[in-house]
Protein chains: 2
Amino acid sequence: MNTENAAKNQFLQCWGEMGSSWGINKTMAQIHALLMVSDQPLSTDDVMSELQISRGNANMNLRSLVDWGLVRRSHQKGDRKEYFQSEKGVWKMFCAIARERKRREIEPVIAGLEECLQLAGRDKGSENFRKQITELLEFSKTIDFLMGQVARQEENKILPILVRMLGGKKSTKSKGTS
Amino acid sequence: MNTENAAKNQFLQCWGEMGSSWGINKTMAQIHALLMVSDQPLSTDDVMSELQISRGNANMNLRSLVDWGLVRRSHQKGDRKEYFQSEKGVWKMFCAIARERKRREIEPVIAGLEECLQLAGRDKGSENFRKQITELLEFSKTIDFLMGQVARQEENKILPILVRMLGGKKSTKSKGTS
DNA sequence: TCGTATTTTCAGAAAATATTGAAAGTTATG
DNA sequence: CATAACTTTCAATATTTTCTGAAAATACGA
């Protein structure tokens with residue numbers, strides 16, 4: 001990691017940690033952070049030298065980021081190398097993550113819980129079990145639905161509304177927060 | 001893992017996987033699953049034998065579950081052993097998780113991003129950097145606020161409202177979605 | 001207080017995950 | 001189509017995380 005900029009290093013560190021704690025490969029999160037604050041698209045070699053990681057590692061995690069829809073491949077004219085550019089809009093990023101986590105983590109849970117109900121049968125002894133699984137399943141389906149809908153919003157209209165609904169700070173000034 | 005019940009095993013498996021993919025120790029998630037579908041509180045030994053894990057492992061993860069507010073310690077009269085009982089309400093569980101993840105994972109990110117801004121200074125060269133970090137920071141603060149507010153709702157009123165707002169299925173009955 | 005039942009801790013072992021780097025594969029260009 | 005530039009793969013290795021089990025600590029009842 002270059003020493004160039006302490007703030008940038010702090011950011012790479014911070015973002016990597018956060019990724020880790022949400023079950024995302026730390027290097028993947030760091031590359032994402034690097035690209036997010038990079039003014040130009042970066043090549044695999046740029047990423048390797050900035051983060052001091054191997055080609056294989058850089059390649060694999062860049063591909064993952066592309067798969068997640070957080071990063072685009074790009075090309076510079078007169079250059080054979082591939083460059084990578086991050087989506088910078090926070091809401092767009094949020095949508096991409098919501099979409100992928102729905103697909104990778106919520107949908108499989110729904111399928112798993114449905115299989116539980118299948119296996120549980122209808123006998124008296126499994127009543128409580130079925131009730132609990134059914135409640136989890138319905139909740140999961142609601143979350144699944146909401147993540148899907150949120151992920152397709154072009155603009156972040158929903159969070160400000162929620163903030164108001166859940167008691168956002170009252171405006172003390174005469175004009176609204178508009 | 002006892003062979004007693006295929007549905008239960010499926011559930012333990014499924015819940016463990018889900019935990020893993022969200023950065024939660026798989027065993028912790030499995031113990032949680034086990035307690036969720038257990039009619040009586042279970043002792044450490046019960047958990048050990050159901051999941052075939054060591055005392056140390058069981059103890060550590062039970063403590064974590066208690067720390068997360070997902071499991072309560074309980075006692076049976078005339079028995080010196082400690083027993084554990086899961087919160088079963090899905091909404092209550094959701095709130096506990098939201099509360100803890102806010103505290104453990106969102107708040108540190110906010111602090112980290114604020115430190116980035118400190119370190120970045122005010123010079124022209126860091127303009128884009130500051131803009132990006134600032135946007136991430138504001139988004140994080142919004143999420144932080146929302147998780148805090150959601151976590152304190154006794155009842156799940158908010159999700160049904162959201163479902164309606166984001167295009168919940170239209171009523172097929174004669175009256176409109178009013 | 002003592003002895004016993006129970007819980008907690010923690011160093012070492014095992015398992016899971018992430019990383020490396022070199023070879024194989026691919027693609028663009030003369 | 002040969003070559004050089006670049007990308008991808010993957011077996012070996014390193015690192016991190018999780019788990020074990022026995023020892024230490026604690027709580028309880030007589």
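Side chains included, hydrogens not; waters and symmetry mates left out as well; all remaining heavy atoms used.
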* Please determine, for the side chain of B:Met60, which listed nucleotide (D:dC6, C:dT6, D:dC19) has the closest atom? => D:dC19
* Asked: Are any of the side-chain nitrogens in B:Glu135 or B:Lys131 under 4.0 Å away from the carboxylate oxygens of its partner?
  -> yes
* Carboxylate-amine/guanidinium contact A:Arg103 A:Glu100, below 4.0 Å -> yes
* For the helix from C:dT1-D:dA30 to C:dG30-D:dC1, measure the angle between the helix axis at one end and the axis at the other, each built from five pairs, rounding to 10°. => 20°
* Rounded to the nearest 0.5 Å, how far does CE of B:Met36 lie from CD of A:Gln132? -> 6.0 Å
* Let me know the distance between CD of A:Glu82 and P of D:dC6, rounded to the nearest Å. => 12 Å
* For the side chain of B:Asn61, counting heavy atoms from C-beta on, which of D:dC19, C:dT6, D:dT7 is nearest? -> D:dC19
* Partners of A:Thr27 by side-chain contact (heavy atoms from CB on, under 4.5 Å), sequence neighbours excluded? -> A:Asn25, A:Ile31, A:Ile53, A:Asn57, A:Asn61
* To do: Answer yes when B:Glu138 and B:Lys141 have at least one side-chain N-carboxylate O distance shorter than 4.0 Å, and no when they do not.
  => no
* Below 4.0 Å: OP1/OP2 of C:dT19 and any side-chain N or O of A:Thr27 -> yes
* **Distance, rounded to the nearest Å, where A:Met48 contributes CE and C:dA18 contributes P** => 20 Å
* Please give, in whole Å, the distance from D:dT7 P to A:Asp79 CG? -> 9 Å
* **Length of the line joining A:Asn25:CG and C:dT20:C1', which is rounded to integer Å** => 14 Å
* Structure fact -> Across all chains, not counting sequence neighbours, the ring-ring contact (aromatic ring centres under 6.0 Å, His included) partners of B:Phe139 are A:Phe94
* To do: Could you state the atom-to-atom distance from CG of B:Asp46 to P of C:dT6 in whole Å?
  => 12 Å
* Structure fact -> Between A:Phe84 and A:Ser20, whichever has its closest DNA chain D nucleotide further toward 5' is A:Phe84
* To do: For each nucleotide in nucleotides 21-30 of chain D, reading 5' to 3', give B when a protein heavy atom comes within less than 4.0 Å of its base, S when such contact involves only the sugar-phosphate, and - otherwise.
  => B-----BB--
* Would you mind classifying the nucleic acid contact of A:Asn59 as base, sugar-phosphate or nothing, using non-hydrogen atoms under 4.0 angstrom? => base
* A:Ile53 has a side chain; which of D:dT8, C:dT19, C:dT20 sits nearest to it? -> C:dT20
* Can you label the angle between the A:Phe11 ring and the B:Phe129 ring as parallel, tilted or perpendicular, going by 30° and 60°? => perpendicular
* Please give, in whole Å, the distance from D:dT18 P to B:Leu51 CG? -> 16 Å
* Structure fact -> B:Lys26 atom NZ is separated from D:dC19 atom C1', nearest whole Å, by 14 Å
* Asked: More than 12 foreign heavy atoms under 6.0 Å from CZ of A:Arg152: is that the case here?
  -> no
* Please tell me if the side chains of B:Lys92 and B:Glu154 come closer than 4.5 Å, counting only heavy atoms from C-beta onward. => yes
* Asked: Side-chain heavy atoms under 4.5 angstrom apart, residues restricted to Ile, Leu, Val, Met, Phe, Trp, Tyr: same cluster for A:Leu34 and B:Leu119?
  -> no
* Asked: Of the residues in residues 62-76 of chain A, which ones touch DNA chain D at a heavy-atom distance under 4.0 Å?
  -> A:Arg63, A:Arg73
* To do: In whole angstrom, give the distance that lies between atom OH of A:Tyr83 and atom P of D:dA5.
  => 14 Å
* List in chain and number order the residues that pass ring-ring contact (aromatic ring centres under 6.0 Å, His included) with A:Phe84, two or more places apart in sequence or in another chain; answer none if no residue qualifies. => none
* **Separation of A:Ser43 OG from A:Gln76 CD (nearest 0.5 Å)** => 8.5 Å
